[in-house]
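Below is one structure, written out as structure tokens, with a few remarks after it.
Below, read A as the first sequence line, B as the second, and so on, with proteins coming before strands; counting in each chain starts at 1.
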Amino acid sequence: MMRTGDFPNRVYMLVRKVPYGKVTTYKAIAKALNTKAYRAVGNALNKNKNIELVKCCKVVKSDGSIGGYSEGTEEKAKRLKKEGIQVKGGKIVDFQKRLLRFNNK
DNA sequence: CAACCGGCCTGGA
DNA sequence: CTCCAGGCCGGTT
């Protein structure tokens with residue numbers, strides 16, 4: 001367990017777990033994995049080849065702003081809007097309410 | 001082994 | 001109180 005090779009795999013699992021119309025943060029994921037590798041999470045998503053399978057676009061920064069995206073931040077915002085999430089000024093509206101916490105591990 | 005990264009936090013101006 | 005910069009953690013390549 002805890003083998004690093006599984007790390008990206010867990011990230012994908014959590015991201016896929018996010019219901020429609022909701023988002024999550026790198027921090028939340030890292031915390032859910034009981035780690036502080038925020039960067040590793042984003043990095044894993046970036047290298048993610050199952051971008052269409054995994055909704056990396058549902059993962060945003062902890063302050064509600066759009067993080068990065070392999071296809072571009074605009075594309076990410078566009079996708080979020082498509083999920084019913086309002087993005088204004090490059091930030092998510094009612095981010096806290098849209099934020100899905102992995103409920104303490 | 002070294003560098004990079006889609007972030008987060010804290011400190012200083 | 002707001003804005004900018006640097007430092008830091010863990011993983012991947």
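- The closest side-chain heavy-atom distance from A:V18 to A:V59 is not below 4.5 Å.
- Counted within 6.0 Å of CD on A:E75, heavy atoms from surrounding residues, nucleotides or ligands total more than 12; the atom is thus considered enclosed.
- A sub-4.0 Å separation between OP1 or OP2 of B:dG7 and a side-chain N or O of A:S62 is absent.
- The side chain of A:K27 places no N or O atom within less than 4.0 Å of a non-bridging phosphate oxygen (OP1 or OP2) of B:dC8.
- For A:K47, the side-chain atoms get nearest to C:dT12 when compared with the rest of C:dG10, B:dC9, C:dT12.
- The residues A:E83 and A:K55 are annotated as salt-bridged, a charged nitrogen and a carboxylate oxygen being separated by less than 4.0 angstrom.
- A salt bridge is defined here as a Lys NZ or Arg NE, NH1 or NH2 lying under 4.0 Å from an Asp or Glu carboxylate O, and A:E74 with A:K81 fails to meet this definition.
- Base pairing analysis places C:dC9 opposite nothing; no Watson-Crick or G-U wobble pair with both distances below 3.5 Å involves it.
- Put simply, CZ on A:F95 is 13 Å from C1' on B:dG7, counting in whole angstrom units.
- Residues A:Y69 and A:I51 have side chains in contact (heavy-atom distance under 4.5 Å, counting atoms from C-beta outward).
- The distance from atom CG of A:N34 to atom C1' of C:dG10 is 13 Å, rounded to the nearest whole Å.
- Within the 4.0 angstrom heavy-atom criterion, no nucleotide atom of any strand lies near A:T25.
- Here C:dG10 presents its C1' atom at 12 Å from CZ of A:R10, a figure rounded to the nearest Å.
- Look at CG on A:L45: it is 12 Å from P on B:dC8, rounded to the nearest Å.
- Protein atom OH of A:Y38 is 19 Å distant from nucleotide atom C1' of B:dC4, rounded to whole Å.
- Using a 4.0 Å heavy-atom distance criterion, A:V41 is classed as making no nucleic acid contact.
- The side chain of A:P8 has C:dT12 as its nearest neighbour among C:dT12, B:dG7, C:dG10.
- If you measure from atom NZ of A:K61 to atom P of B:dC9, you get 11 Å, rounded to the nearest angstrom.
- Regarding A:D63, its CG atom lies at a distance of 12 Å from the C1' atom of B:dC9, rounded to whole Å.
- Between the CZ atom of A:R39 and the C1' atom of C:dC8 there is a distance of 8 Å, rounded to whole Å.
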